[in-house]
Amino acid sequence: MRPLRQAEIAGLLADDTIAHLATIDPSGYPHVTPIWFLWDGSAFRLTSLADRPHVRRIRMNSRVGVVVDRELGLRADGQRPNRQIRIIGDAELTEDRHGQWTARIREKYLRASADLIPNDDDRILITVTPTRFLALASA
């Protein structure tokens, strides 16, 4: 494993790779949810419906993890190299006013103008500020 270069980090965070959000249940067990995201340069921005299980778990325990990873295909030697970003941090839940973050996230993943994507005013913004950020590449 080697550290990712800044350009590799920026590319992985900008493309349409799905993140995996880890939350903790009341018994201390982790739950992982695939979710779309935006990186704003200092925090991950995700949105969800307020009644989703991962949002309820964040309300009880704001400590979360996020993993973004991408495999680069099968090499001739049988290995599957990848790029990965792993963070832990604290999540903050706020209203996604007028669905502005939801529209930006959908624009990233659907490659459509935010004007053509319906807004959801009932979504919650999940802001995850990393306390630990690890970016690695396998060979």
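Source: prediction; values computed, not measured. The first residue of the sequence shown is numbered 1, and numbering continues consecutively from there.
A continuous path of hydrophobic side-chain contacts links I18 to I85 [ILVMFWY only; heavy atoms under 4.5 Å]. In terms of hydrophobic clustering, with Ile, Leu, Val, Met, Phe, Trp and Tyr side chains grouped at heavy-atom distances under 4.5 Å, I35 and V68 are assigned to a common cluster. Hydrophobic clustering (ILVMFWY, side-chain heavy atoms < 4.5 Å, transitive): I24 and V66 are in distinct clusters. Taken together through direct or relayed side-chain contacts under 4.5 Å among Ile, Leu, Val, Met, Phe, Trp and Tyr, L93 and M60 form parts of separate hydrophobic clusters. At a threshold of 4.5 Å between side-chain heavy atoms, the hydrophobic network of Ile, Leu, Val, Met, Phe, Trp and Tyr places W36 and I126 in one connected group.
Side-chain N/O atoms of D96 and T102 include a donor and acceptor closer than 3.5 Å.
Atom CG of L13 sits about 7.0 Å away from atom NZ of K108, to the nearest 0.5 Å. The structure places CD of E71 at 10.5 Å from CD of Q84, a figure rounded to the nearest 0.5 Å. Atom OG1 of T94 sits about 10.0 Å away from atom CH2 of W101, to the nearest 0.5 Å. How far CD of Q79 is from CG of L72: 12.5 Å, rounded to the nearest 0.5 Å. Taken from OG1 in T33 to CZ in R57, the straight-line distance is 5.5 Å, to the nearest 0.5 Å. With rounding to the nearest 0.5 angstrom, the CD1 atom of I9 is 5.0 Å from the CZ atom of F133.
Looking at H20 and D69, their side chains come closer than 4.5 Å, going by heavy atoms from C-beta outward. Side chains of E92 and T129 form no contact here, defined as non-hydrogen atoms less than 4.5 Å apart.
Judged purely by atom type and a 3.5 angstrom limit, S138 uses its side chain to pair as donor or acceptor with the backbone of N82. The main-chain N or O of V64 is never found under 3.5 Å from a side-chain atom of T23 such that the two would form a donor-acceptor pair.
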- Query: Can D16 and R70 be said to form a side-chain contact (heavy atoms from CB on, under 4.5 Å), step by step?
  - Reply: CA-CA 10 Å; D16 62 358; R70 175 164 293 234; 3.5 Å; yes
- List the steps and the verdict of side-chain contact (heavy atoms from CB on, under 4.5 Å) for D90 and T131. CA-CA 7 Å; D90 296 301; T131 56; 4.0 Å; yes
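For the side chain to side chain contact (heavy atoms under 4.5 Å, CB included) criterion with L46, the lone passing option out of V128, L38, T127, I124 is V128.
Heavy-atom minimum distance, L125 versus T47: CD1-CG2, 4.1 Å. The two residues P130 and S42 have their closest heavy-atom pair at CD-O, 3.3 Å. Nearest heavy atom pair, residue V32 against residue P34, reads O-CD, 4.1 Å.
Other residues, nucleotides and ligands place no more than 12 heavy atoms under 6.0 Å from the CZ atom of R52.
Ring geometry for Y109 against F37 counts as perpendicular: the plane angle is over 60°, on a 0 to 90° scale with 30° as the lower cut.
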